[in-house]
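Every chain is numbered from 1 and lettered A, B, ... according to where its sequence line falls, protein lines coming before strand lines. Computed from heavy atoms alone, side chains included, the values below leave out hydrogens, waters and symmetry copies.
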Number of protein chains: 2
Amino acid sequence: MDGDQPSSRDRLIIAAQRLFARHGYNGVSVRDIAAEAGMNSASIGYYFGGKENLLAEVYRRSAAPMKAERRRRLAELDEAGITDLPALIDAFVRPALLADESGSFLRLRTILSAENSDIFSSLTAENFDDTSAEFIDRLCRALPNRARTEIMWRFHFMLGTLYYSATGPQRIATISDGQCDPHDVDRLLASLVPFLVAGFSAQEKDVLS
Amino acid sequence: MDGDQPSSRDRLIIAAQRLFARHGYNGVSVRDIAAEAGMNSASIGYYFGGKENLLAEVYRRSAAPMKAERRRRLAELDEAGITDLPALIDAFVRPALLADESGSFLRLRTILSAENSDIFSSLTAENFDDTSAEFIDRLCRALPNRARTEIMWRFHFMLGTLYYSATGPQRIATISDGQCDPHDVDRLLASLVPFLVAGFSAQEKDVLS
DNA sequence: GCCCCGTTTACACGATCGTTTGAAACAGGG
DNA sequence: CCCTGTTTCAAACGATCGTGTAAACGGGGC
């Protein structure tokens, strides 16, 4: 192991990531974060200039590896010439659930989207709009006789299954008496990917609009 | 129209419902709620004894019509002898999105699940566990050669698509340049129900576990 | 030795939080 | 009209919020 300790700045980001994901943005004070990191509460003003900037830093820090992993898997698919739907969906879904332990970043994003929708939308657009567009393009290519609008709806539904698995895991665990554990990522994916593949492949119902 | 004005107590609940759904629990102060209802902030202490009790009241008040509508539609199905999957899923999904304008109750529940997971789980169990079990039973009957565990996973995914449609609607609207509007409930359902039907009907992938 | 400068600390500021209080305003029956 | 119980109000409570400030710390270059 490398003996380098994380810098004070990093310790703050890590502590904030954990607490924000657990209790939301408004539910955590700068004093809480500083205490979790073992530092003085004024240091977050020193390093980031304020609580909001710390949040932005947490968001960027967490989004980066997830984006990178998605890109890596896409490149892998390209190299192997694979274009089938299951592989594509897996390449999108798996990095989101593996990015950090038990998807605490997805949880953070869900909370932000509800609590601070203005801050959230700008952060999301900044960090994810390009990746999403890329995946929608590929989905359209994998499903050539589905309308692009319909694909976008289904992409939207897929995001829902992803976020909810990270946000509300205790619900399914309760209902199933512990038989379904959303923290077991491999088991979750084994059910989620076929579910999504079938959903994406569904015949379009004739809608009036 | 009936000339009865809503009672002061009801006005507070309605105002709280709106604000909680918009900004979360921690993001709204009792003074905000009182102002929205046009009353003094002390009245929420007078009527409910505290902010948390007001939240519980809001939750119960919002959950009731949604539950009732689901039951009504199920009874309708029973009466007509309908047991097919699309009708069943529609009976579960539609009341959630129609219960109040643009699913603000789903939004509230998502926020609570993330912000105050302890309060939330008790409220959810109190208000929804029976309904969920009922639907899972019916899903198992409609899909007799799928394992119950798998059905529960897919039920979990369905909840995700529901909640996310209410929580993060702006995302899909942005990505699609406004072509997909999650507030258009009919259009949303026209895409969502076939998606879910296909997902529920999917072949099970052979999982090791 | 000394100073310098990036870091960390303790502390105070004004604002706002949830809640409580006590009295004013209100209603209706005697 | 007064009495009684309910509802509303302004004001204040102690606690905690995010932030700013100024002093103390500590290791490398002179």
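S191(A) and R187(A) share a side-chain donor-acceptor pair at under 3.5 Å.
dT6(D) atom C1' lies 13 Å from atom CE of M39(B), rounded to whole Å. Between the CG atom of L19(A) and the P atom of dC17(D) there is a distance of 12 Å, rounded to whole Å. If you take CG of L55(A) and C1' of dC17(D), they are 17 Å apart, rounded to a whole angstrom. Taking atom CG on N40(B) and atom P on dG22(C), their separation rounds to 16 Å, with Å as the unit. In this structure, CZ of R31(A) is placed 11 Å from C1' of dA15(D), rounded to the nearest angstrom.
Both tests hold for R109(A) against F128(A): distance to the six-membered ring centre under 6.0 Å, angle to the ring axis within 45°.
Using the six-membered ring where Trp is involved, F135(B) and F92(B) have ring planes that are perpendicular, over 60° apart on the 30 and 60° scheme. Classification of the Y163(B)-Y164(A) ring pair by plane angle, with boundaries at 30° and 60°, yields parallel. A perpendicular orientation is assigned to the rings of F120(B) and Y59(B), their planes being inclined by more than 60° (bins at 30° and 60°).
Nearest-nucleotide positions on DNA chain C place G38(A) closer to the 5' end than the other of G38(A) and Y46(B).
Of the candidates dG18(D), dC17(D), dT19(C), the closest approach to any side-chain atom of V30(B) belongs to dT19(C).
Y47(A) comes within 4.0 angstrom of sugar-phosphate atoms only, judged by non-hydrogen atoms across all strands, and of no base.
Between S43(B) and dT7(D) there is no side-chain polar atom (N or O) within less than 4.0 angstrom of OP1 or OP2. One finds no side-chain N or O of S41(B) lying less than 4.0 angstrom from the OP1 or OP2 phosphate oxygen of dG18(C). Close to dC17(C), at under 4.0 Å from its OP1 or OP2, lies a side-chain N or O of S29(B).
Side-chain atoms of D10(A) never come within 3.5 Å of backbone atoms of P6(A) as a donor-acceptor pair (strictly under, hydrogens ignored).
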Nucleotide pairing, DNA chain C (Watson-Crick or G-U, distances under 3.5 Å), in dot-bracket with [ ] and |: |..|||||||||||||||||||||||||..

